[in-house]
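Let me begin by presenting the structure, written as structure tokens, before commenting on it.
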Protein chains: 2
Amino acid sequence: MSDDSQVKSLARALQVLECFSVEQPELGPSEIARMLGMQKSTVYNILSTFQKCGYLVKNPQTSKYYLGLKVLHLGYIVNSHHGLRDMFLPYLNRIAAETREVCYFGILDGSEVLYIESTYPSQQQQTRNILGERAPLYCTGLGKVMLAYMPEEDVERVLSGRLKAYTGCTLTDPNVLRDHLEEIRRNGYATDNMEHEYGIRCVAVPVFNAAGKVFAAVSVSGPSPRFDPETIINDARIISSILQPLQHCI
Amino acid sequence: MSDDSQVKSLARALQVLECFSVEQPELGPSEIARMLGMQKSTVYNILSTFQKCGYLVKNPQTSKYYLGLKVLHLGYIVNSHHGLRDMFLPYLNRIAAETREVCYFGILDGSEVLYIESTYPSQQQQTRNILGERAPLYCTGLGKVMLAYMPEEDVERVLSGRLKAYTGCTLTDPNVLRDHLEEIRRNGYATDNMEHEYGIRCVAVPVFNAAGKVFAAVSVSGPSPRFDPETIINDARIISSILQPLQHCI
DNA sequence: GACGGCGTTTGGTAATACTGAACACTTATA
DNA sequence: TATAAGTGTTCAGTATTACCAAACGCCGTC
């Protein structure tokens, strides 16, 4: 595992690939070279190789590059291998229908929530793809409920990191958060009181694997006025009962 | 664009990445080295670099590698950039509900259909993720209806390729297919009479971009007995009318 | 206990990826 | 209109480094 057993040019190339984002889906050699402090021509060679292999596509209008459809296929293999989405989707649909709220399914990936799927109470309703989106653990319902059931050392690593305040409601004091996690464990579910986004409240329930460790969570969320204490308890109960057959079996 | 302006080590590394598939989601250095005719230690270095960057994960049980969650994020960016899934999903939900059949949405990618999304008539119904799956053009409803509206030279390139018979119903004679495409253009929709999978029939309608070129298609499919001639015409009409607002606007 | 499989480590050399400058081109400023 | 600053692209030389090959330790089986 020594550093010189790594292919440095590949690591550099992957850095280039990671410059592409939702905010900046199209980039040229100069932009990337500036972002990474690399040579323009070096970036160019990397880009044109990715293009030749189908991972990047060149926009002939702008001469810039964007991520190609080939990466979708890789994502498909991942999903198929994990199989989580397919396994959970029918349950998520039921949760959205019975709570009449938008339902989210996310898994624990390092110190972030990785969103896998969302479902909606009505089929006609406008929806959007969230696969691949990420959010912090400490300020989202999904994240906090996973944090509450994670090993202490992992929790401390998260709490000792930067706790950015996304809204005025975000809990950024590690001590307050520790007490809050204790309360979540008592309740068996977490709430998100507009800690990540203004006006959005949510209720989240953990999902445990066969080894008894939390690895995912399911939430319903919506406009804050709808989420009074009674609704929250009721929704948590609905989610828990629907997810029951999936607990401790993966 | 000469071949030596490419980063060869990157191209090799991407070859390694492409060895992973739905059928073989977990691979070790020896297996990959055999598949590609490369040196075992070379592959090992590439694998461990991908691992360090998060694109591969090592299974500690087997010491083999599998695709990590990071590639999902790249897929998310692609989707967000293209935005097709989000744009089409509400319409696909309506199509599934009104035809009471499973609805598929695929786009043209080279000489294949790339499936983007599927929707189901009932929300509770079991469903599966198809994003990233691919199928040939000449023997699927989605593929044939796109083929019917593609430029002649592209059609000929597909027809001159290998036309594998997936079932006894698959059309493998280029001349028969040419006539068949003419018929599809007359009808405005394509049918798939168990040409790709036994027992499955389907109806597919093309989607055109602002430049008037076909770039995607939508189909409904199901068990063959349900698809009598009358139902087919009716379903085609339903799909066309629901998709109407999306035609020629992308 | 020898063999064959695996993933991993190592050193030396031949391949090659990066540097840096120049190119052709567009856009915007003077 | 001329200049300047930006872009993507090309090219040669050099210093990096990625690959080859063999050996390692480990786990099975024969």
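Here is the naming used below: chain letters follow the sequence lines, and residue numbers restart at 1 for every chain.
When the side-chain nitrogen and oxygen atoms of B:Tyr44 are compared with OP1 and OP2 of C:dT10, none of them lie within a distance under 4.0 Å. Listed pair B:Arg12 / D:dA18 fails the phosphate criterion, with no side-chain N or O lying under 4.0 Å from OP1 or OP2. An OP1 or OP2 oxygen of C:dT16 is reached within less than 4.0 angstrom by no side-chain nitrogen or oxygen of A:Lys8.
When side chains are defined from C-beta on, A:Met150 does not count as touching A:Glu156, because their heavy atoms never get closer than 4.5 Å.
Considering only the side chain of A:Ser30, D:dT7 comes nearest among D:dT9, D:dT7, C:dC6. Listed nucleotides: D:dA18, C:dT8, D:dG8. Nearest to the side chain of A:Ser63: D:dG8.
Residues from residues 33-42 of chain B with heavy atoms under 4.0 angstrom of DNA chain D, sorted by number: B:Gln39, B:Ser41, B:Thr42.
Between A:Leu10 and A:Gly28, the residue anchored nearer the 5' end of DNA chain D, judged by the nucleotide with its closest heavy atom, is A:Gly28.
The aromatic rings of B:Phe88 and B:Phe105 lie parallel to each other, with less than 30° between the two planes, well short of the 60° mark.
Of the residues A:Tyr44, A:Tyr55, A:Phe50, the one that meets the side chain to side chain contact (heavy atoms under 4.5 Å, CB included) test with A:Tyr65 is A:Tyr44. In summary, of the residues considered (A:Asp154, A:Leu142, A:Val113), a side chain to side chain contact (heavy atoms under 4.5 Å, CB included) with A:Leu137 occurs for A:Val113 alone.
Looking at B:Thr170, its side chain does come within 3.5 Å of a backbone N or O of B:Glu195 through a donor-acceptor pair.
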Secondary-structure notation, DNA chain C, from Watson-Crick and G-U pairs under 3.5 angstrom (| other strand): ||.||.||||||||||||||||||||||||
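Rounded to whole angstrom, the span from the CG atom of A:Asn59 across to the C1' atom of D:dG8 amounts to 13 Å. In this structure, B:Leu56 places its CG atom 14 Å from P of C:dG7, rounding to the nearest Å.
The heavy-atom pair separating B:Thr119 from B:Leu92 by the smallest distance is OG1-O, 2.9 Å.
The distance from the OG atom of A:Ser41 to the CG atom of A:Leu47 is 11.5 Å, given to the nearest 0.5 Å.
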Atom pairs and distances, donor-acceptor, side-chain atoms in residues 243-250 of chain B, under 3.5 Å, two or more places apart:
{"from": "B:Gln247", "atom 1": "OE1", "to": "B:Phe208", "atom 2": "N", "distance (Å)": "2.8"}
{"from": "B:Gln247", "atom 1": "NE2", "to": "B:Pro206", "atom 2": "O", "distance (Å)": "2.9"}

